[in-house]
**Student:** 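Have a look at the structure that comes next, please.
Predicted model only: the values in this text are computed from it and were never measured.
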Amino acid sequence: MMKSNKWLQLSTKAALIAALVLPATAGAAAANQPVAVLAKEAASASAEAEYGSFLLQQYGISLDKAVTRGQFSQALAKVVAATQSITEKEASAKAYVPEAQAQATKIAAWEAISAAVKAAYLSELAYTYSEDKVAASLKAAGISYQKGGALSLQAAQEVAVALDTGLVSASTLAAIKADGDTTGELAVQLLGKVVEFHGDYKNYLGSVQEADIYGKLAQAWSESSIIKAGELQQIIDTGLKQNLITGYNLKDAAFDPHFDPERTITYGHSDIAHAIQLIGLLKSEGIDAKVQFEPKTSAFIYLKEWGEPTESDDYQVVQIENGNFIAYAKEYDLSFEFASKEEKERFQPLVLKYAKRNQEDVTGLLKASWWQPLYHSRTELADYPIITNNVIKEGRYIVQSFSLNEESPKVVAGLKKLSDKLNVETYKFWVDQPFYNYLHGESK
C-alpha cells in the first residue's frame, strides 16, 4: 500500500494459575496436588475458555450448562458447515447426531463424542481398535469396558479414539462418564476440537516468549513470496492505473490467525529483521502474545521520475501506459493476540518510542523503523483514529485498500465499475495516528 521505505510477561507459575482457576471449595484438595497436576488442570480450563470465546466470536455459538440434543446438533452442523464450506442444511444432512423425537432432551456424552468423532474424520481410525485396545484407552478416563455392557463396541471405539487423539480429555470424561449427560464443558471441547482438526482454529507460529519464535519467523519469511492473484489482480491493477486507489494489499486467507479481535493488533512491515527485533522488544518488556505471520504483497504506483526501479525476487515492477510502473513488494503482517486487553494497550507506547522514525539519523530505534508505522485493531482503542478497509475476496485471495472514511464510498463505487464480478465489502477499524496522518497526505 506504500512505497518500500514506508509503511506478550505471562510466564505465570503453574500453582498460581491453578489457584486462580480452581474453586475455593477445592482449596484443601488442591494443596495436596502435585504442581504438574495443577498446571494441567489450569491449562485445560484456559483452553476451554479459549474454545468458548472462539465459538462465540466465529460462529455465534453459545451453549447452556446442560446441553440438549437439538442444541448440540445445531452447533455441530454450524461448525461443520463453516469448516467444510457447505451449507448448514447440507451439514445437518450428514446426521452426525441421530434424530430423536424430542430435540429438547438431553444427549448422552458418548453420543456427542460419537458425533464429533465422525465430524472430525476419525471414524475409520476408531474402527481399527480391538476390544483390548478400547479397554486400555477407556481406562485412562476411569471407564471399564465390557462386551455387552452399556456401550456398544462401535460407541466404545469412538470414545476410545476421541480420548487417544485428544478430541476429549480424560479428566472431562471421567467427571461425567460416557453414559452421563453432555455438559456445556464437554460440548465446547468437542466443537472446538472439530474446528481444530479441520485446521480452522487459531493459526499461529508460536508465542513471543517461546525461545524458537525467531527462527520460525525467519523461516516463514524465507518461504513466502510475492502473491499473484491472476485475473482478480489484473482488475485491481486497472483501478491503480485509473487512480481510483493509491495502492492495495494482497493477502492469502489461508494464513488468517482467527484471533480474538478484542485482544489482537496487526502490524505491517517489509523487513524481517524489524519483525524479529519487535518480538524481542515485546519479550524484553515482559509481554506475551500469540504470533502469526501473514504473507502480504503491497502494490502501488512507482512514478517514473523516481528513477529506474531495481527489481529483485521481493520487489517487482510492471511498466504501464503512461510510463509509470506498478510496483509489487513482498511484505508481511504480524498479528499479535495478547493475553488481555491491558497487554494489548501496552503495544502502542512501545512502537511510538522504539519503532517510529521522527528524523533521518537516529539511534535507539528498531532496524528499518518507518516514519509512518502501520498497525491496527478491529476493536476500539483509545488514541487510535478510525478508517475504512475496502475489501474484495475471491477464493483464498483478499484484496484490501485502506481509505479515510469519507473517501470509502468513492473507492467502492470505482472498484465496482471495474467488473461486475467484484463484491466489495467495507468495515471500520482503528489505526495508529501516524498512518492516519499518511492518509491525509502528511509525510511524517
**Student:** Is it the case that the side chain of D181 and the backbone of K106 share a donor-acceptor pair, with hydrogens and angles ignored and the cut-off at 3.5 Å?
**Tutor:** no

**Student:** Which word best sums up how the rings of H269 and Y267 line up, parallel for under 30°, tilted for 30 to 60°, or perpendicular for over 60°?
**Tutor:** parallel

**Student:** If you draw a 6.0 Å radius around CD in E231, do more than 12 non-hydrogen atoms from other residues or ligands fall strictly inside?
**Tutor:** no

**Student:** Is the closest side-chain heavy-atom distance between L282 and F336 below 4.5 Å?
**Tutor:** yes

**Student:** V391 and I398: side-chain contact (heavy atoms from CB on, under 4.5 Å), yes or no, with the steps?
**Tutor:** CA-CA 7 Å; V391 185; I398 301 173; 3.8 Å; yes

**Student:** Kindly say whether P295 contributes a backbone atom to a donor-acceptor pair with the side chain of D333 at under 3.5 angstrom?
**Tutor:** no

**Student:** What pair of heavy atoms forms the shortest contact from Y59 to A82, and how long is it?
**Tutor:** CE2-CB, 3.4 Å

**Student:** Just checking, K330 and W221: is the charged tip under 6.0 Å from the six-membered ring centre and within 45° of the axis?
**Tutor:** yes

**Student:** Determine, stepwise, if the pair F402 / T388 fulfils side-chain contact (heavy atoms from CB on, under 4.5 Å).
**Tutor:** CA-CA 6 Å; F402 301 160; T388 299; over 6 Å; no

**Student:** Is the side chain of S408 donor-acceptor paired with the backbone N or O of L404 at a distance under 3.5 Å, no angle test?
**Tutor:** no

**Student:** Answer yes when K421 and E394 have at least one side-chain N-carboxylate O distance shorter than 4.0 Å, and no when they do not.
**Tutor:** no

**Student:** Please determine whether the number of non-hydrogen atoms from other residues, nucleotides or ligands lying under 6.0 Å from atom CG of D383 exceeds 12.
**Tutor:** no

**Student:** Is the backbone N or O of V195 less than 3.5 Å from a side-chain atom of T83, with the two atoms forming a donor-acceptor pair by type?
**Tutor:** no

**Student:** Please report the interatomic distance NZ(K296) to CG(L334), rounded to the nearest 0.5 Å.
**Tutor:** 9.5 Å

**Student:** For the residue pair F54 and Y201, categorise the inter-ring angle as parallel (less than 30°), tilted (30 to 60°) or perpendicular (more than 60°).
**Tutor:** perpendicular

**Student:** State, to 0.1 Å, how close L205 and A220 come at their nearest heavy-atom pair, and which atoms those are.
**Tutor:** CD1-CB, 4.2 Å

**Student:** Could you state the interatomic distance from OG (S222) to CD1 (I272), rounded to the nearest 0.5 Å?
**Tutor:** 9.0 Å

**Student:** Where is the tightest heavy-atom contact between V208 and I279, given as atom of each residue plus distance?
**Tutor:** CG1-O, 3.7 Å

**Student:** Please determine, by modelled atom types, if E158 and S123 share a side-chain donor-acceptor pair under 3.5 angstrom.
**Tutor:** no

**Student:** Please check: side-chain N/O of S369 versus main-chain N/O of L365, any donor-acceptor pairing under 3.5 Å?
**Tutor:** no

**Student:** What is the distance from atom CG of L366 to atom NZ of K356, rounded to the nearest 0.5 Å?
**Tutor:** 13.5 Å

**Student:** Testing the basics here: between T182 and A108, what is the closest heavy-atom pair and its distance to 0.1 Å?
**Tutor:** OG1-O, 3.2 Å

**Student:** Determine whether a donor-acceptor pair (N or O, by modelled atom type, separation under 3.5 Å) exists between the side chain of D432 and the backbone of F435.
**Tutor:** yes

**Student:** Will you find, in the side chains of Y332 and D271, an N or O donor that is under 3.5 Å from an N or O acceptor?
**Tutor:** no

**Student:** Charged N to carboxylate O under 4.0 angstrom, E337 versus K344?
**Tutor:** no

**Student:** So, E343 and R263, do they make that salt bridge, N to O below 4.0 Å?
**Tutor:** no

**Student:** Under a plain distance cut-off of 3.5 Å, with no hydrogens placed, do Q277 and Y354 share a side-chain donor-acceptor pair?
**Tutor:** no

**Student:** Distance check, rounded to the nearest 0.5 Å: K94 atom NZ versus K118 atom NZ?
**Tutor:** 13.0 Å

**Student:** Would you find a donor on one side and an acceptor on the other, under 3.5 Å apart, between the side chain of T297 and the backbone of I227?
**Tutor:** yes

**Student:** For the residue pair P434 and P373, establish whether any side-chain heavy-atom pair is separated by less than 4.5 Å.
**Tutor:** yes

**Student:** Quick one, F300 and F325 - any side-chain contact, counting heavy atoms below 4.5 Å?
**Tutor:** no

**Student:** Would you say that V412 contacts K416 through its side chain, given a criterion of any heavy-atom pair below 4.5 Å between the two side chains?
**Tutor:** yes

**Student:** So, the side chain of R346 versus the backbone of P349: is there a donor-acceptor pair under 3.5 Å, distance only?
**Tutor:** no

**Student:** Going through the distances and angles, do N390 and Y427 end up as a side chain to side chain donor-acceptor pair (under 3.5 Å)?
**Tutor:** CA-CA 7 Å; N390 307 286; Y427 63 82; over 6 Å; no

**Student:** Would you name the heavy atoms of A91 and V80 that are closest together and state the gap between them?
**Tutor:** CB-CG1, 3.9 Å

**Student:** Could you check S114 against E111 for side chain to side chain donor-acceptor pair (under 3.5 Å), going step by step and ending with a plain yes or no?
**Tutor:** CA-CA 5 Å; S114 172; E111 289 185 277; over 6 Å; no

**Student:** Report yes if some heavy atom in the side chain of F293 is under 4.5 Å from a heavy atom in the side chain of K216; otherwise report no.
**Tutor:** no

**Student:** Report yes or no: do S53 and E50 form a side-chain donor-acceptor pair below 3.5 Å?
**Tutor:** no

**Student:** Can you tell me how far the OG atom of S62 sits from the CG atom of D64, to the nearest 0.5 Å?
**Tutor:** 7.0 Å

**Student:** Taking the side chain as C-beta and beyond, is there a heavy-atom pair between L56 and I61 under 4.5 Å?
**Tutor:** no

**Student:** Counting heavy atoms not belonging to N322, are there more than 12 under 6.0 Å from its CG?
**Tutor:** yes

**Student:** Can you check whether Y384 reaches I265 side chain to side chain, under 4.5 Å on heavy atoms?
**Tutor:** yes

**Student:** So how far is it from I113 CD1 to Q189 CD, rounded to the nearest 0.5 Å?
**Tutor:** 8.5 Å

**Student:** Is the side chain of Y397 donor-acceptor paired with the backbone N or O of Q233 at a distance under 3.5 Å, no angle test?
**Tutor:** no

**Student:** Answer yes or no: is there a donor N or O on one side and an acceptor on the other, between the side chain of Q74 and the main chain of Q71, under 3.5 Å?
**Tutor:** no

**Student:** Looking at L250, I326, L422, which one forms a side chain to side chain contact (heavy atoms under 4.5 Å, CB included) with I236?
**Tutor:** L422

**Student:** Q372 and N437: side-chain donor and acceptor closer than 3.5 Å?
**Tutor:** no

**Student:** Is the closest side-chain donor-acceptor distance between N249 and K251 under 3.5 Å?
**Tutor:** no

**Student:** Decide whether E223 and Q219 meet the rule of one side-chain donor and one side-chain acceptor closer than 3.5 Å.
**Tutor:** yes

**Student:** What do you reckon, are the aromatic ring centroids of Y375 and F347 less than 6.0 Å apart?
**Tutor:** yes

**Student:** Are E294 and S335 linked by a side-chain donor-acceptor pair shorter than 3.5 Å?
**Tutor:** yes

**Student:** For I386 and Y436, what are the C-alpha separation, side-chain angles and deciding distance, and is it a side-chain contact (heavy atoms from CB on, under 4.5 Å)?
**Tutor:** CA-CA 8 Å; I386 305 173; Y436 182 79; over 6 Å; no

**Student:** State, with a plain yes or no, whether a side-chain heavy atom of N423 is found less than 4.5 Å away from one of I392.
**Tutor:** no

**Student:** Determine, step by step, whether V168 and L190 satisfy the side-chain contact (heavy atoms from CB on, under 4.5 Å) criterion, reporting the C-alpha distance in whole Å, the side-chain angles of both residues, the deciding distance to 0.1 Å, and the verdict.
**Tutor:** CA-CA 6 Å; V168 63; L190 292 172; 4.2 Å; yes

**Student:** Show the nearest heavy-atom pair for residues A218 and I276, with the distance to one decimal.
**Tutor:** CB-CD1, 4.4 Å

